[in-house]
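This structure is a prediction, so every number in the text was calculated from the model and none was measured. For ligands, and for the atoms within them, numbers begin at 1 and follow the listed sequence. We number each residue from 1, following the sequence as shown.
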Amino acid sequence: MRDQARAVVIGAGICGSSVAYHLTELGWREVVVLEQGPLHGGTTSHAPGLVGQLRSSVSLTKLLMQSVALYRTLRAGGEPGFQEVGSLRLASSAARLEELKRQAGFARAVGLEAELLGVEEAHRFFPLFSKDGVRGALYLRTDGSARAPILARAMAEAARGRGAELCPGTRVTGFGTSGGRIREVHTSAGPIRTEVVIATTGIWSPVIGRLLGMAVPLVPFQHQYVLAGPFVELRGPGTLPNLRDPDRLVYFRQDGDCLVVGGYERDPRYLEEEIPSRENPTVLPFDRKRFESLWSGGETVLPALRGAGRVKEVNGLESFTPDGEFILGESPEVKGFWVACGFCAHGVSGSGGVGKAIAEWIVSGESPLNLWQMDLRRFAAHTRSRRYLRERAAEVYRTYYDVSYPGEERESARNLKLSPVYPRLVQLGAVFGEKSGWERPNWFSSNEKLAEGQGWPRPAGWAGRAWSPAIGAEHQAARERVALFDETSFSKMEVSGRGALGFLERIAANRMDRPVGSVTYTQMLNGRGGIECDLTVTRLAPERFQIVTGTAFGIHDLAWIRSHLPEDGSVEARDITSSLACIGVWGPRARELMQAVSENDFSGDAFPYLTAQEVRLGEVPARALRVTYVGELGWEVYAPTEYGLRLWDTLWEAGLPLGAAAAGYRSIDSLRLEKGYRYWSQDIHSEYHPYEAGLGFAVKLDKGDFIGRAALERAKAEGLSRKLSCLTIEEPSAVALGGEPILLGSEVLGRVTSGGYGYTVRKSIAYGYLPVERSKPGTRLEVELFGTRFPATVEKEPLYDPKGERVRG
Ligand SMILES: Cc1cc2nc3c(=O)[nH]c(=O)nc-3n(C[C@H](O)[C@H](O)[C@H](O)COP(=O)(O)OP(=O)(O)OC[C@H]3O[C@@H](n4cnc5c(N)ncnc54)[C@H](O)[C@@H]3O)c2cc1C
């Protein structure tokens, strides 16, 4: 074994093999793959290998499509590891059929072939299923079945052919670090010096993470399947497509003249004991009793299973995460240490694309795709707790095959992070949603009565499920009177030190060198000009800045900032979220309200737009920022957390005579859509640059160099090919949820990034990237919702207050 390597991959399962394959493909030669047991002997050794590509997020679907593209080409010992048999997803309930219609649209919008079939047509593809209760099916022709060990072997051998060294029987026992960077891997065969380590260690990843004091939030669950048969019906040429019937919790895959029968039972079992570090603990004794519910669901779908033999029974351990998404990326704490794990029973489907993305990310320094949903930097501190992990991951597993309604809230592990205002929110009838552990009001049931007689339509179908007329009433309060928003959950950071200004000028696209007290909206870009962070920066002192970003984005954004800090210690970046409560006060009467409780001057001259001041509201010392995400006059008020409740009470009491209403996050979404304010992770992210996102006003090319500047200059010179555009859908009750295709005839032009109803403009609004030549206001297009096309028109944006008079007033 080498004693020095460019990169060390830990684990020779399908994921580690893929990472080694792609790193060597990109020209890295000295790559060492360490495997404690035999090659490809972990969870990879017993996966039945259904490869499905369609998932709810664009990036994940793209990763899975890349896997299939690669798997088609791989062979080991002359044997192919992938068979393109296609897949069928049955709908055995009305809700599921709706979901399939939505998925068919989404698939088209991301360029994946998918076809909605009637029962008879589907039956012709898979004549063994009972048509009883089945209402339709989604057919994906390019899905398939994999033999994971063959694929892993093919990739590992290709990597070896390009210079990688494979070391079975070599266990990683520790690491050497210095200066916050990985320097050495300790193994049972001696140390290896390296500056890049990728842990593709499946269920062992938390153990590996702990060697570095780092949390990898996944839980091993028992996942079972049976190989049933043989069936005479399966003898002969051809292979049936894979079949899933999520309403019956089961999946099937033909294997010779037998069938794999597996699924997601309602009473999942996680591994109770500590993850063993022995060679291969991933196979456990089969639990027949627990498999019963899946078997009987299987018999309902495939009557041929009744009385069928069982050739093999497998109980394997597989990693699940608290949000059902993969865990990818570099540790924010230890530079050069990467993880790729937490595959939630999709590691075979995912590994091809994951290995490619991770390798490109390592080699180029930037993620090629927007991998935010899978990013290691999305986890808040409580996700390190075993209790939280187990509770939430069990809910993810249990509900894995449930119809997935956007905006639906999780039930387990709630009430973790509470704002000081929480008791008042409860008294006002807040209906809470959860974000990163925070309980946040979606709306207040007490406001429903304010909506009477307004005539806002209830959004049709799914968009009308988690909905209340109170959302409209709260929106209206902000537009016409004044609304109070508890925004304590916002992520807040402070960047300070003698080099702070220079550092922020280099990392942000907008100008930071503005007078103390300025508030600046800015993006932080990657080298391609893609938007990595979207935030507001307040200059508190010449070299001290407060940065505010979305509730869920704090860890990610802080990690991005820290990863660019100068090494001389001249700048410090720290999270200050817990130290400050935040209340948004917005609406035409916001000034009156602030003035009513304060001796400070809130007039337009004394307190202009995009400035901040230290003030007192009642007895409460606070920092007020004149800024808005709803498009109205007003302030974000930050106060030390212990004053938060008093701050709310002070504002609330003074606000009541002015018609103040408490307002929740769903009204913010409606308000910001009317104003065209972008939402990072949906409308904008690392794959889009500010010009195409319509944020050119926040880019200052003339301020000197900054990260992404060269790419933006190129983009400007080349001209835009696509543009984030605002559409309104003709039918006001047809409300897009995100991901729906935007069409011109049969051509898919783009997909909806954000959708919602605008209660002031009384229109259904949808944003999406369109080719520039189709983005002219007045262009007539269509948006497809649940299989129905609705006429839509490209609008000049923003729809509300285009001159910004309300905000500056
Ligand atoms: C019953 C079952 C059914 C499944 N069905 C499907 C399916 O149909 N489709 C699908 O896409 N996915 C499926 N999966 C999931 C899939 O099998 C896994 O996600 C995938 O195999 C994970 O691969 P991996 O390379 O990340 O992990 P593994 O294959 O577990 O590899 C990790 C390797 O790391 C090694 N390692 C750990 N610690 C150390 C150390 N300290 N030093 C050196 N080496 C170490 C281990 O020995 C192991 O070989 C299924 C899983 C199960 C259990």
For ligand 1, which atoms sit closer than 4.0 Å to a heavy atom of [X]?
{"X": "Leu50", "answer": "7 (C), 8 (O), 9 (N), 10 (C), 11 (O)"}
{"X": "Thr44", "answer": "21 (O), 23 (O), 24 (P), 25 (O), 28 (P), 29 (O)"}
{"X": "Val172", "answer": "40 (C), 41 (N), 42 (N), 43 (C)"}

Out of curiosity, is [X] lining ligand 1, as in a heavy atom under 4.0 Å away?
{"X": "Pro48", "value": "yes"}
{"X": "Ile10", "value": "yes"}
{"X": "Gly49", "value": "yes"}
{"X": "Val207", "value": "no"}

Checklist entry - Evaluating non-hydrogen atoms only, which member of Gln36, Glu318, His40 is closest to atom 19 (O) of ligand 1? => result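 Going through Gln36, Glu318, His40 one by one, Glu318 has the nearest heavy atom to atom 19 (O) of ligand 1.
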Next on the checklist: Given Gly52, Cys15, Ala345, identify the one with the heavy atom nearest to atom 10 (C) of ligand 1.
Outcome noted: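 Of the listed residues, Ala345 has the closest heavy atom.
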Next on the checklist: The criterion is salt bridge (charged side-chain N to carboxylate O under 4.0 Å, His left out); which residues satisfy it with Arg244, sequence neighbours excluded?
Outcome noted: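 Counting only residues at least two positions away or on another chain, Arg244 forms no salt bridge (charged side-chain N to carboxylate O under 4.0 Å, His left out).
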Next on the checklist: Once salt bridge (charged side-chain N to carboxylate O under 4.0 Å, His left out) is applied, do any residues pair with Arg153, and if so which ones, sequence neighbours excluded?
Outcome noted: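 Salt bridge (charged side-chain N to carboxylate O under 4.0 Å, His left out) check on Arg153 returns Glu157.
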Which of parallel (below 30°), tilted (30 to 60°) and perpendicular (above 60°) describes [X] and [Y]?
{"X": "Phe252", "Y": "Phe126", "result": "tilted"}
{"X": "Tyr264", "Y": "His223", "result": "tilted"}
{"X": "Tyr400", "Y": "Phe320", "result": "perpendicular"}

Item to check | Arg266 and Ser293 side chains, donor-acceptor separation under 3.5 Å | outcome: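 Arg266 and Ser293 do not have a side-chain donor-acceptor pair below 3.5 Å.
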Item to check | Exercise: do Asn242 and Ser87 side chains pair donor with acceptor under 3.5 Å | outcome: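 Result is no, nothing qualifies.
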Checklist entry - Under 3.5 Å, N or O to N or O, is Gly37 touching ligand 1 that way? => result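 Among all N and O atoms of Gly37, none is under 3.5 Å from an N or O of ligand 1.
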Item to check | Glu35 N/O under 3.5 Å from ligand 1 N/O | outcome: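 Between Glu35 and ligand 1 (N or O atoms, distance only) the closest approach is under 3.5 Å.
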Checklist entry - ligand 1 versus Thr170, non-hydrogen atoms closer than 4.0 Å: side chain, backbone, both, neither? => result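 For Thr170, only backbone atoms sit under 4.0 Å from ligand 1.
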Item to check | Contact partition for Leu34 relative to ligand 1, non-hydrogen atoms under 4.0 Å | outcome: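 The answer is the backbone of Leu34.
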